Amino acid sequence: MKKRFCFFCNDELHGRSDKKFCDAQCRSNHHNNNKAAHEKLIQYTNSLLRKNRGILAHFCPQGKATVRKEVLDAMEYEFSIFTTIYPFKGGNYFFCYDYGFLPITDENGIKKIVIVQHQNYMSRLKVNPWKVK
C-alpha cells in the first residue's frame, strides 16, 4: 500500500483512504495559506472591524459615553474603518456595527469621541453617499 502524506505538514496519514490532512488544524492552516488575495483583505478588514467594535463597546457599555481621542489612539483604534455613516446635525456618526462615534473638539481644543449605541430610529435613515458632507 502506498504511503500518503498530509498536504500541510507532510506527516504520514493513517485512516481513511481519501484523507488529505492529519487533523483539523492542518486543514485550516492549508486553506488559510491558499486563500485568494481579496479573501485575505476581507478577513483583515473584518478583524479590524471586530477590534474597533470591541473598543467602542468597552467604553460605552450602555447608551452614550465621551472619551478623549488619545485614549482610542493608544488602543490602536482604526478610525478609517467603519460599516455605516449616520449623518447628524453636528457632524457624522461613524458606526462599527452597533456602536458609533462622533468626533468632536471641545472648547479647549481637545479632540474627543462621543460613543453611542445604535438606536432603532437610526435604521430608518437611508444615506445617499453623494450628499454626505
Side-chain angles (χ1 to χ4, degrees):
M1 182 163 203
K2 186 177 177 182
K3 289 186 178 183
R4 296 168 297 114
F5 299 93
C6 176
F7 282 10
F8 183 73
C9 71
N10 213 27
D11 282 352
E12 187 176 350
L13 294 175
H14 303 284
R16 291 176 33 179
S17 62
D18 62 343
K19 194 172 183 180
K20 297 178 182 178
F21 304 99
C22 55
D23 59 23
Q25 186 66 44
C26 280
R27 183 182 66 244
S28 179
N29 288 338
H30 172 78
H31 290 302
N32 284 338
N33 288 344
N34 292 309
K35 282 185 179 177
H38 73 277
E39 288 294 328
K40 289 181 180 181
L41 177 61
I42 291 168
Q43 187 176 22
Y44 175 71
T45 303
N46 285 336
S47 71
L48 289 176
L49 286 168
R50 279 192 300 276
K51 179 183 175 186
N52 280 356
R53 187 211 175 270
I55 292 170
L56 294 177
H58 172 76
F59 288 109
C60 185
Q62 55 185 352
K64 185 176 178 181
T66 303
V67 180
R68 286 181 176 229
K69 180 183 179 290
E70 63 197 37
V71 174
L72 296 185
D73 286 336
M75 296 182 80
E76 298 181 356
Y77 188 92
E78 183 59 55
F79 289 97
S80 63
I81 303 292
F82 49 88
T83 56
T84 312
I85 298 173
Y86 179 76
F88 183 70
K89 60 185 171 192
N92 292 317
Y93 277 97
F94 298 91
F95 272 82
C96 187
Y97 301 114
D98 56 336
Y99 287 89
F101 72 89
L102 174 69
I104 61 171
T105 304
D106 72 8
E107 60 277 352
N108 298 322
I110 298 172
K111 292 181 179 180
K112 294 184 178 182
I113 305 298
V114 177
I115 303 170
V116 297
Q117 288 181 325
H118 187 271
Q119 303 296 315
N120 288 336
Y121 69 87
M122 295 174 175
S123 298
R124 292 190 292 265
L125 179 68
K126 302 299 179 200
V127 178
N128 182 340
W130 287 269
K131 292 186 179 181
V132 174
K133 294 179 184 181

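The shown structure was predicted, so the numbers you read here are calculated from the model rather than taken from an experiment. Scope of the values below: all heavy atoms of this structure, side chains included, with no hydrogens, waters or symmetry mates.
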*Asks:* How many angstroms lie between atom NE2 of H31 and atom CZ of R27, to the nearest 0.5 angstrom?
*Replies:*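 It comes to 6.5 Å.
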*Asks:* Would you compute the distance between atom CZ of F88 and atom OH of Y86 and round it to the nearest 0.5 angstrom?
*Replies:*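 Reported to 0.5 Å precision, the distance equals 8.0 Å.
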*Asks:* Suppose we screen for salt bridge (Lys or Arg N to Asp or Glu O under 4.0 Å). Which residues come up paired with K51, at least two apart in sequence or across chains?
*Replies:*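 With neighbours one apart ignored, the set is E76.
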*Asks:* Which heavy-atom pair separates C22 from C6 by the least distance, and what is that distance?
*Replies:*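 Of all heavy-atom pairs spanning C22 and C6, the closest is N-SG, 3.5 Å.
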*Asks:* Could you pull out all residues at least two apart from H118 that satisfy side-chain hydrogen bond (donor to acceptor under 3.5 Å, both in side chains)?
*Replies:*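 Residues passing side-chain hydrogen bond (donor to acceptor under 3.5 Å, both in side chains) with H118: S123.
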*Asks:* Using atom types as modelled and distance alone, determine if a side-chain donor or acceptor of T45 lies under 3.5 Å from a backbone N or O of L41.
*Replies:*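 Yes, T45 side chain to L41 backbone: donor-acceptor pair under 3.5 Å.
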*Asks:* Would you list the pairs meeting salt bridge (Lys or Arg N to Asp or Glu O under 4.0 Å) in which at least one residue belongs to residues 38-49, sequence neighbours left out?
*Replies:*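 For residues 38-49: none.
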*Asks:* Sorted by first residue and then second, give each salt bridge (Lys or Arg N to Asp or Glu O under 4.0 Å) pair with at least one member in residues 79-106; sequence neighbours left out.
*Replies:*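 As it turns out, the salt bridge (Lys or Arg N to Asp or Glu O under 4.0 Å) pairs with a partner in residues 79-106, which skip direct neighbours, are R53-D98, D106-K112.
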*Asks:* What distance separates D11 CG from C26 SG, expressed to the nearest 0.5 Å?
*Replies:*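 With rounding to 0.5 Å, CG (D11) is 7.0 Å from SG (C26).
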*Asks:* Within a reach of under 6.0 Å around CG of N120, are more than 12 heavy atoms found that belong to other residues, nucleotides or ligands?
*Replies:*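 No, not enclosed.
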*Asks:* Between the main-chain N or O of F95 and the side-chain N or O of T83, is there a donor-acceptor pair closer than 3.5 Å?
*Replies:*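 Indeed, once roles are kept as given, a pair shorter than 3.5 Å links the two residues.
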*Asks:* Which heavy atom of L102 sits nearest to which heavy atom of N92, and what is that distance?
*Replies:*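 Heavy atoms only, the tightest pair is CD1-O, 3.5 Å.
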*Asks:* With sequence neighbours excluded, tell me which residues meet side-chain contact (heavy atoms from CB on, under 4.5 Å) with F7.
*Replies:*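 With sequence neighbours excluded, F7 shows a side-chain contact (heavy atoms from CB on, under 4.5 Å) to K20, F21, H30, given in chain and number order.
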*Asks:* For F82, enumerate each residue passing the side-chain contact (heavy atoms from CB on, under 4.5 Å) test, keeping only those at least two apart in sequence or located in another chain.
*Replies:*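 Counting only residues at least two positions away or on another chain, F82 forms a side-chain contact (heavy atoms from CB on, under 4.5 Å) with I85, F94.
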*Asks:* Say you draw a straight line from CG of L72 to CE of M75; how long is it, rounded to the nearest 0.5 Å?
*Replies:*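 Answer rounded to 0.5 Å: 7.5 Å.
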*Asks:* Can you tell me how far apart SG (C96) and CZ (F101) are? Round to the nearest 0.5 Å.
*Replies:*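 With rounding to 0.5 Å, SG (C96) is 9.0 Å from CZ (F101).
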*Asks:* For L48, what are the other residues in its hydrophobic cluster, where any two members join if their side-chain heavy atoms are less than 4.5 angstrom apart?
*Replies:*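 Result for L48 is Y44, L49, I81, Y97.
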*Asks:* Under 6.0 Å between the ring centres of F79 and Y77?
*Replies:*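 Yes, they do, as the ring centres are separated by less than 6.0 Å.
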*Asks:* What distance do Q43 atom CD and H38 atom NE2 have between them, rounded to the nearest 0.5 Å?
*Replies:*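 Answer for the CD-NE2 pair, Q43 versus H38, is 12.0 Å.
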*Asks:* In this structure, would I110 and V71 fall into the same cluster of hydrophobic residues linked by side-chain contacts under 4.5 Å?
*Replies:*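 They do not share one cluster, since no chain of ILVMFWY contacts under 4.5 Å joins I110 to V71.
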*Asks:* How close do P103 and I113 get, counting heavy atoms only, and between which atoms?
*Replies:*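 Reported closest heavy-atom pair: CA-CD1, 4.1 Å.
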*Asks:* How would you list, by chain and number, every residue that makes a side-chain hydrogen bond (donor to acceptor under 3.5 Å, both in side chains) with E78, sequence neighbours excluded?
*Replies:*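 Checked E78 against side-chain hydrogen bond (donor to acceptor under 3.5 Å, both in side chains); matches are S80.
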*Asks:* Among residues at least two apart in sequence or on other chains, which ones pass side-chain contact (heavy atoms from CB on, under 4.5 Å) with H14?
*Replies:*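 Only E12 meet the side-chain contact (heavy atoms from CB on, under 4.5 Å) criterion with H14.
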*Asks:* Residues two or more places apart in sequence or in another chain: which of them pass side-chain hydrogen bond (donor to acceptor under 3.5 Å, both in side chains) with D23?
*Replies:*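 D23 satisfies side-chain hydrogen bond (donor to acceptor under 3.5 Å, both in side chains) with no other residue.
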*Asks:* Do any pairs count as a side-chain hydrogen bond (donor to acceptor under 3.5 Å, both in side chains) and have a residue in residues 60-73, sequence neighbours left out, and if so which ones?
*Replies:*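 Sorted pair list: K69-D73.
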*Asks:* Q25: which residues meet the side-chain hydrogen bond (donor to acceptor under 3.5 Å, both in side chains) condition with it, sequence neighbours left out?
*Replies:*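 Once residues adjacent in sequence are excluded, the partners of Q25 under the side-chain hydrogen bond (donor to acceptor under 3.5 Å, both in side chains) criterion are N29.
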*Asks:* Just by distance, do the side chain of R4 and the backbone of D18 share a donor-acceptor pair under 3.5 Å?
*Replies:*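 Judged by distance alone, no pair lies under 3.5 Å.
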